[in-house]
Amino acid sequence: MITSAGILLYRFAPDGERQVWIAHMGGPFWAGKDAHAWSIPKGEYTPGEDPYAAALREFEEEMGSPAPTADYVLLGEFRQSSRKTVTVFCAEADFQPERIVSNTFALEWPPRSGRFQEVPEIDDAGWFSTAAARTKLVKGQVQMLDALRERLHG
């Protein structure tokens, strides 16, 4: 089983609207796409590795700066259509990095072309209302917004 861990930050705008921090996936496949092309900062971890430590590591790798100091709590484990399970930690924090500098990975593009290029895992990130995030997040992650709402209001 493939396991990932990630962080879902949230804050409240001056008007009281809840916002979440999400990131646009990098690379040519996601270029020019907005709907269902965003994700929480997350990444895979190995069996025996602490998911919380992995979530913090992955956040820093994808954002280019450490996750903010906050009171993180386990939001839950979420099964994705890819059969991956994502363990998510959430916290209220007003994360305001000066810039986003993601790590990169080698990608064969076009597929089966034999040509590889280095692409960023993340090419943009920002705060969005939960309503906007529902249309931006990959479909399997929308359930994380529901879990956050339940945690905060349930």
Side-chain angles (χ1 to χ4, degrees), residues 1-13 18-109 111 116-148 151:
M1 173 171 52
I2 299 174
T3 54
S4 287
I7 291 178
L8 178 58
L9 295 177
Y10 66 92
R11 69 178 186 184
F12 293 93
R18 186 174 55 252
Q19 299 176 329
V20 292
W21 179 265
I22 58 175
H24 186 267
M25 294 181 275
F29 178 80
W30 300 104
K33 295 180 182 175
D34 188 57
H36 308 297
W38 295 68
S39 173
I40 68 165
K42 65 170 184 51
E44 293 181 10
Y45 66 96
T46 57
E49 185 179 2
D50 176 43
Y52 178 63
L56 293 173
R57 178 193 69 234
E58 292 295 329
F59 187 98
E60 185 168 0
E61 286 180 3
E62 293 186 353
M63 295 300 109
S65 57
T69 301
D71 294 324
Y72 291 93
V73 296
L74 177 63
L75 184 61
E77 292 184 348
F78 303 90
R79 179 90 176 206
Q80 305 297 282
S81 60
S82 63
R83 296 190 180 165
K84 180 184 292 187
T85 298
V86 183
T87 302
V88 179
F89 299 87
C90 67
E92 182 176 359
D94 190 20
F95 183 63
Q96 295 292 334
E98 289 185 25
R99 62 191 173 134
I100 305 299
V101 182
S102 178
N103 56 333
T104 61
F105 66 98
L107 175 71
E108 183 178 16
W109 195 262
F116 287 82
Q117 57 183 302
E118 287 290 315
V119 298
E121 282 196 52
I122 299 299
D123 61 19
D124 193 13
W127 290 104
F128 295 93
S129 70
T130 54
R134 284 185 176 284
T135 65
K136 291 179 177 295
L137 282 172
V138 292
K139 292 178 183 179
Q141 292 184 17
V142 171
Q143 62 185 317
M144 298 169 190
L145 299 177
D146 297 335
L148 179 63
R151 177 167 194 81

Partner residues of D124 under the salt bridge (Lys or Arg N to Asp or Glu O under 4.0 Å) criterion, sequence neighbours left out: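 For D124 there are no salt bridge (Lys or Arg N to Asp or Glu O under 4.0 Å) partners, ignoring immediate neighbours.
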Heavy-atom check, side chain of I7 versus side chain of P41, under 4.5 Å: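 Not touching, per the 4.5 Å side-chain cut-off.
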Side chain proximity check, E62 to N103, heavy atoms < 4.5 angstrom: yes
Sequence neighbours excluded - side-chain hydrogen bond (donor to acceptor under 3.5 Å, both in side chains) pairs with any residue from residues 84-100: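 The answer is R11-D94, D94-Q96.
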Checking [X] now: which residues fulfil side chain to side chain contact (heavy atoms under 4.5 Å, CB included) with it, not counting sequence neighbours?
X    : result
P28  : L107, W109, Q117, V119
R151 : V73, L75, C90
A93  : L9, P68, A70
A31  : none

Note: D50-R57 ion pair, threshold 4.0 Å (strictly below):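 R57 and D50: not salt-bridged.
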Any donor-acceptor N/O pair, Q141 side chain to V138 backbone, under 3.5 Å: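 The answer is no, because no donor-acceptor pair under 3.5 Å joins these two groups.
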Between F59 and F89, ring centroids under 6.0 Å: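 Not close enough - the centres of the two rings lie 6.0 Å or further apart.
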Candidate list V20, V86, I22, L137, test side chain to side chain contact (heavy atoms under 4.5 Å, CB included), partner M144, passing option: V86
